[in-house]
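Only one structure is covered here, and it is reproduced in the block below.
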Amino acid sequence: MDPITAPWPTTEADALAEQERLRPLVSLTGPGPASGALVCGVDVAYDDDRDVVAAAAVLLSYPDLTPVAEATAVGRVPFPYIPGLLAFREVPAVLEALAQLPAAPALIVCDGYGQAHPRRLGLASHLGVLTGVPTMGVAKTPFLFTATEPAPARGAWTPLLDPASGDEVGRAVRTRAGVKPVFVSVGHRIGLPEAVEVLLALTPEFRLPETTRRADSLCRRALAAAVADPVE
DNA sequence: GCGACAG
DNA sequence: ATCTTGTCGC
């Protein structure tokens with residue numbers, strides 16, 4: 001998991017071409033983390049006015065979710081927000097944070113999508129191919145896809161469908177009884193049923209995975225600190 | 001052409 | 001993502 005060295009795409013056309021290049025490298029099957037393995041949550045926060053991005057990577061043991069380590073990275077915003085091209089905005093800082101972790105995770109959980117993406121290469125799949133590490137995406141909204149409402153019980157789910165192709169690109173999963181579902185999709189090297197099982201293990205208490213919650217709060221703190229003391 | 005659109 | 005008060009409830 002090394003930081004970026006090759007030139008990063010600057011234009012929309014280059015980014016689309018890069019997605020085409022990486023798409024065939026994605027693997028949609030795999031077992032999910034073993035008991036005792038490390039799972040990693042990553043997230044990114046921005047201050048677009050100051051052109052600052054802060055990423056966080058948190059390591060938790062699985063399935064007990066004990067915090068093991070964390071890392072952050074701060075940099076310039078490398079790409080504008082364009083729906084479908086989120087990875088080009090988030091991945092460089094995430095790779096820098098991952099590179100600082102003291103151990104390699106067995107799974108990375110991203111905030112966003114993997115296969116639930118117009119070209120089947122969302123953030124989670126993109127990061128998975130670049131790192132070789134299994135990844136999955138957990139998002140709060142269905143983006144371009146549709147799902148019926150899952151039953152109210154925790155653990156209930158419905159397929160997340162691509163209306164154009166009819167493909168199941170992920171699942172809408174109820175992680176807390178009676179609370180809005182989240183939308184899981186495979187990133188790389190894990191199957192969809194396995195990703196759902198991991199999601200439920202990561203949400204013993206709250207709607208969002210513990211990995212995401214911890215990474216989210218850490219990257220916000222890192223951003224606030226970076227903006228408060230610019231590089232001295 | 002216009003609007004919608006992960007974070 | 002981010003701008004933002006109070007409020008209800010565990």
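Throughout, protein chains are lettered first and strands after them, A, B, ... in sequence-line order, and every chain is numbered starting at 1.
Protein atom CG of A:D49 is 9 Å distant from nucleotide atom P of C:dC3, rounded to whole Å. When the P atom of C:dC3 is taken as reference, atom CZ of A:R50 falls 11 Å away, rounded to whole Å. Atom NZ of A:K140 is separated from atom P of B:dA6 by 10 Å (rounded to the nearest Å). One interatomic measurement links the two molecules: CG of A:D162 to P of B:dA4, which rounds to 20 Å at whole-angstrom precision. One atom, CZ of A:R176, and another, P of C:dG9, lie 15 Å apart when rounded to the nearest Å. Rounded to an integer number of Å, the gap from A:D43 CG to B:dA6 P is 15 Å. The distance between atom OH of A:Y46 and atom C1' of C:dT2, rounded to the nearest whole Å, is 12 Å. As rounded to whole Å, 12 Å separates atom P of C:dT2 from atom CG of A:L86.
Remark: A:R220 is in phosphate contact with C:dA1, judged by side-chain N or O atoms under 4.0 Å from OP1 or OP2.
Distances from the side chain of A:F143 to the nucleotides B:dG7, B:dA6, C:dT2 place B:dA6 closest. For A:L144, the listed nucleotide lying nearest its side chain is B:dC5; candidates were B:dG7, B:dA6, B:dC5.
For A:H126 and A:F88, the ring centers sit closer than 6.0 Å to each other.
Within 4.0 Å (heavy atoms only), A:G84 reaches at least one base atom of the nucleic acid. A:L123 comes within contact range of at least one nucleobase, with a heavy-atom separation under 4.0 Å. A:A116 comes within contact range of no nucleotide atom at all, as no heavy-atom separation falls under 4.0 Å.
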Exercise for the section: Would you sort out whether A:Y46 and A:E90 count as a side-chain hydrogen bond (donor to acceptor under 3.5 Å, both in side chains), showing the intermediate values? Expected result: CA-CA 10 Å; A:Y46 301 92; A:E90 306 224 329; 3.0 Å; yes

Practice task
Go through A:Q19 and A:R119 one step at a time and tell me if the side-chain hydrogen bond (donor to acceptor under 3.5 Å, both in side chains) criterion holds.
Solution key: CA-CA 8 Å; A:Q19 289 187 333; A:R119 293 168 295 280; 2.6 Å; yes

Practice task
Could you go through the side-chain hydrogen bond (donor to acceptor under 3.5 Å, both in side chains) check for A:R154 and A:T203 one step at a time?
Solution key: CA-CA 10 Å; A:R154 170 174 146 85; A:T203 51; 3.1 Å; yes

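With respect to A:E149 and A:R174, a salt bridge is recorded, a charged nitrogen being found less than 4.0 Å from a carboxylate O.
By the 5.5 Å and 30° criteria, A:Y81 is stacked with the base of B:dG7.
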